[in-house]
Every structure is written in structure tokens, then in C-alpha cells.
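This report concerns only the one structure given below.
Both ligands and their constituent atoms are indexed starting at 1 by order of listing. Sequential numbering from 1 along the given sequence is applied to the chain's residues. Scope of the values below: all heavy atoms of this structure, side chains included, with no hydrogens, waters or symmetry mates.
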Amino acid sequence: MGHDVFMDPFGSKTSKTHLLLYEICILAIGTCGAVTVTVPTELILGTVGQPLLLPANYTTGTKDQNIQITWTFQSQSSGSMLLVTAINNTLTPDMEHGHRFFLSPPSASLLINPVELRDDGEYTIKVTVSGVKVASASRQLTVHVNVPVSKPVVRSDPAWGAVEYVDNATLTCTVNKGTKVIYQWLKDGKPLLASSRHIFSSDNKMLFISPVLKDDLSNYTCVAKNPISVNESEPIAPNIYYGPYDLMVKSEPRFKVREGVFAVGKGEPVWFKCSANSNPPNVYSWFQKANNKTTPIQWGPMLNIKSEKVPEKADYMCCVYNNITGKRDETQFTLILSATGQERQKQKGSSLHSLAIIVGLSLSLIVCMLLYFFLRRYFPRKVIKEELYHRSPTDYIRAHQVSEEQEPPTDDYGIYEFVAVPASAEFQQVPPDKLNTVYDIIRVPDVHTTVYDVICHSPKTS
Ligand SMILES: *[C@@H]1O[C@H](CO)[C@@H](O)[C@H](O)[C@H]1NC(C)=O
Ligand SMILES: *[C@@H]1O[C@H](CO)[C@@H](O)[C@H](O)[C@H]1NC(C)=O
Ligand SMILES: *[C@@H]1O[C@H](CO)[C@@H](O)[C@H](O)[C@H]1NC(C)=O
Ligand SMILES: *[C@@H]1O[C@H](CO)[C@@H](O)[C@H](O)[C@H]1NC(C)=O
Ligand SMILES: *[C@@H]1O[C@H](CO)[C@@H](O)[C@H](O)[C@H]1NC(C)=O
Ligand SMILES: *[C@@H]1O[C@H](CO)[C@@H](O)[C@H](O)[C@H]1NC(C)=O
Ligand SMILES: *[C@@H]1O[C@H](CO)[C@@H](O)[C@H](O)[C@H]1NC(C)=O
């Protein structure tokens, strides 16, 4: 009996092959005497419904011997069973499982087609040669069979939306198909980590946000994966009610005097736009505060003011209200009407015109003065002298008087302009006593040219 126990450690099911295995070689080495079995990989992933090949090779040292290849399967649910065996290229399929397990000797690889979930487990290939001596070797492979994951679907609760700082939100990820699925959450494409407000269920299928904030307003995606597949949900953005935030009033920049103060010319139309960030959109209302009275004036984000119809100085207020969060905010500014505001605008409009005038005037002034100094320096005295030399003493005296009276140094200052004067014989005939100014003398009596008369607009002194 003792001998039997020693020889038969696997119990009553012990087959001859097991005995050989026990006697001759060690499983883990996979090689024994003249036989070597090799498998390229020990873990094989299978997809349900598809063929799965379990590759294996063996070598034997000698020829002229019987070769037996045996595949056995072992799993927790189905125990151990023989799948297929072949001796010298003659296949003996197992009657129970043989229709899905194929061996084509001399190849030792096993084909499972189609693979099923219950094929998940350990596979053992054993090759035995028996000639002069009996030798055997075996290797083990692990097969994981999975169903690919279908596209996950994310549901957000509460579906209508959550109010920030008040409500909690739950995102739940589900897949219709898939085995051994693990879940992962992405927020705007980046892995979402657990935090005091973000809690995951133990299987990671659920994300609990408590309480929700505006920051949580992002695109969430659930990634479901198993060893053979990855699938990603459509992004979902939970509806979060928040605000109002960042309230501000805008107008045309030219009206802004400083923060909260606008000035506008009387009669000029002006608009103000109130904006604040909120979900759902705010309800906007406008109030005017003047003479200690607050008057509601308009609804909606835009306020148009016709400035002739409002007080010279008044405060305006924009109120925003989020009717879901129940929060409100308001901002106030001052609008001042100014007469100058309008003039300034007009001036601006015609600035080009006035600039041209100023430039023109200054140029003519410069030219006038240059000309005047030029003439004064060279011509007048010469001309006067010439005239005087040919004149009678009375003329000389008169001319001298004219020169003295009409040209006191201070009288030269003023605004000068050029006037085109048709040159005519009249001027030549002007008697010296009718000369108005010293400049009349210098006119050249040339009928073919236009003569420019210099007129001096002196300040009226006498
Ligand atoms: C078995 O061995 C042959 C030749 O050595 C090689 O071509 C083949 O890829 C091997 N197959 C496996 C599954 O290792
Ligand atoms: C198997 O083949 C070997 C040689 O290839 C031969 O010697 C042996 O008799 C065969 N065994 C059987 C059972 O056919
Ligand atoms: C995701 O699942 C859908 C079916 O739900 C499938 O059509 C699609 O190919 C899968 N995508 C990936 C990347 O596996
Ligand atoms: C949100 O969750 C917290 C616990 O995390 C709970 O105390 C609170 O009552 C929940 N709020 C709502 C509105 O359900
Ligand atoms: C979510 O993604 C879409 C498309 O990329 C984008 O238009 C939308 O603004 C995003 N939503 C949020 C809350 O980031
Ligand atoms: C506005 O009211 C304050 C006190 O409420 C008062 O002192 C002030 O005189 C009032 N001004 C006008 C213009 O009525
Ligand atoms: C809240 O405000 C929105 C946007 O202004 C409006 O469409 C909605 O009817 C309001 N709801 C309630 C309950 O007043």
C-alpha cells in the first residue's frame, strides 16, 4: 500500500502520463531528457468569439520513436480536463471539447475556435517521446478571455443641474458589454484625481462631487478598459448653476473719465452695456439715482441714454440677478453731462480743418515777416533814396515825413497777407502825396506780372 501511495500521489485519476511526469521530469524546467518544449509567451489574451492560437514548439533528440502531444486545461470552475491528444500525428480529440480545440501535428500549437469565456484558465502542453527510453516535457500557459468593452455612457445626476455650493452631483459610468472592466475619469482630457470634493466609488464607476462649484464645469469622460480593449465615453458637462460673477459696465472708451465716471456732451447719445458671468443668464435691470430718488428705468443688458433727457449729473446702477442661484450683484457709475464734451467732439471732428488753417496762417506770417525784413533791409531805403534824389526838396520832406509817420518801428508788427493785385498803370500814376504806405513805392510797374501787395493788418492803435 505504501508503495502505491508513493507511486500514485495524484489519486485515483492518475494516468500513465502523470506518472511519467512525476517520475521523469520537473514541470517548471519544461525540459527533460531528449524533449524540449518551448512557448513564446506564457500569457495569452483572447477575445470572445474569435479564434485563439496557443503557440508551442518542441524538439526531440532522436528519431524513430513515438511522440505524444497532450493539451490539458485547468480552471477553478471546471477543474482539470484533457482537451486533445495526438500520437505520431494521429489526433484523438476529446469527445466533450474536441470540436473547438484543434491540433495539427507535427505542430504542437493549439487552436481554439471560437474562444469562449469559460476557456479562461491554465493550459498545459506535454510532449512525451518513447523509444528506447521514455522522456517527457511540459509547459504551462495562462489564457485570459475577455469581452471587449462597448462605449461607456455617463449619466449626470441631478439631470436638471446642480447649484454651486449647494448641490452635489454624481456622474455614473456604465458599459453594456465588457468583462473585467476598470474605469477611469478624465476632466477636460486629464486624469481626475480624488480630492475632498471628488470622491470615487470603490469600483470607480461613480464620481461624486460634493458640493459642486463653477470649477467643476468641465467636460468629463469615462474611460472603460479591460486587458483587450479601451473605450471612451462622449464628454459630458454637468449643468452647474452659478453666478453672477465679474459684473461690469462698459461704454465707449471716449466717454470714460475714470473708474465709474463717464462724461458725455449734452445731446450726445450714449450706451452702456452691463455684463456678468452666470448660468442661467442673469436678469438685468437698470436704475437711475438722482435727487435722492432711485427709479427703475430699463430691463436687459443694454442701456441707451439720450443725454438731453437726463439730469446733468446722475448715478446709474446695473443690477444682475440669477434666478436659480438666487444671487444678485449690482454696480454703480456716475454720468456727467458737459457742454464742453460736445464742443470737444466737434473740435475733434474739424481738427484737420483748423490744423490746415493754423499751418496756413503761420506760414504766411513767416513769409510775411521774412519778406518784410528783406524788403526793409535792402529795398525801402534804396527806393526811398532813389525817389528822393529825384524829387524836389518839398517832395523829399513830404516823403521823409511819410516814411517817418507811416513807418514807426512798432507799426511793422502785425499780421501780413499776400493779396494778388492786378498790375495796372494806375499805380504808376499815383502821385507821391497819395502814397499810403512806404510799400506802395516799391511796386514794380510791370503789366505782365501779377504783383503781390503786402498788406499789414496792424492792431488798431490810433
Ligand atoms: C517553432 O519553431 C519553428 C522552427 O524552429 C519556428 O519557425 C516557429 O516560429 C516556432 N513556433 C513557435 C510558436 O515558437
Ligand atoms: C511513430 O513513428 C515512429 C517513427 O516515425 C515509428 O517508429 C513508430 O512506430 C510510430 N508509432 C506509431 C504508434 O505509429
Ligand atoms: C467602443 O464601443 C463601440 C460599441 O459600443 C464600438 O463600436 C467601438 O469600436 C469601440 N471602440 C473601441 C476603441 O474599442
Ligand atoms: C451633499 O453631500 C453631503 C455629504 O457629502 C451631504 O451632507 C449634503 O447633505 C449633500 N447635499 C445635498 C443637497 O444633497
Ligand atoms: C466641452 O467640449 C466642447 C467641445 O470640445 C466645447 O465646445 C465645450 O466648451 C466644452 N465644455 C466645457 C464646459 O469645457
Ligand atoms: C438726500 O438725502 C439725505 C439723507 O437721506 C439728505 O441729507 C440730503 O439732503 C438729500 N439730498 C437731496 C438733494 O434731497
Ligand atoms: C430665469 O431667468 C431666465 C433667463 O433670464 C429666464 O429665461 C427664466 O424664465 C427665469 N426663470 C424663472 C423661474 O424666473
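- No side-chain N or O of Tyr242 forms a donor-acceptor pair with one of Asn322 less than 3.5 Å apart.
- Scanning the protein heavy atoms around atom 14 (O) of ligand 4, the nearest turns out to be Asn168 ND2, 3.4 Å.
- For ligand 3, the polar-atom distance check finds an N/O of Lys151 within less than 3.5 Å of one of the ligand's N/O atoms.
- Residue contact check: Ser210 has heavy atoms under 4.0 Å from atoms 1 (C), 2 (O), 3 (C), 4 (C), 5 (O) of ligand 4.
- Among all protein heavy atoms, the one lying closest to atom 9 (O) of ligand 5 is Asn219 ND2, 4.9 Å.
- If you look at Phe262 and Phe333, their ring centroids are closer than 6.0 Å.
- Within a 4.0 Å radius of atom 11 (N) of ligand 3, the protein contributes one or more non-hydrogen atoms.
- At the top of the distance list for atom 3 (C) of ligand 3, counting protein heavy atoms only, stands Asn231 ND2, 3.5 Å.
- Within the 4.0 Å cut-off (strictly below), no protein heavy atom is located near atom 7 (O) of ligand 4.
- Val166 counts as a contact of ligand 4, since one of its heavy atoms falls under 4.0 Å from the ligand.
- The shortest contact between atom 13 (C) of ligand 3 and any protein heavy atom is with Val230 O, 3.3 Å.
- Crowding of Met81 atom CE: a count of heavy atoms from other residues, nucleotides or ligands under 6.0 Å exceeding 12.
- Few gaps surround CH2 on Trp271; more than 12 heavy atoms of other groups in view lie less than 6.0 Å from it.
- Side chains of Asn88 and Thr90: a donor-acceptor N/O pair is absent below 3.5 angstrom, by distance only.
- Within 6.0 Å of NZ in Lys177 there are 12 or fewer heavy atoms belonging to other residues, nucleotides or ligands.
- When heavy-atom distances to ligand 3 are checked against a 4.0 Å cut-off, Ser150 comes that close through both its backbone and its side chain.
- Heavy-atom neighbours of Asn176 CG from other residues, nucleotides or ligands within 6.0 Å: at or below the threshold of 12.
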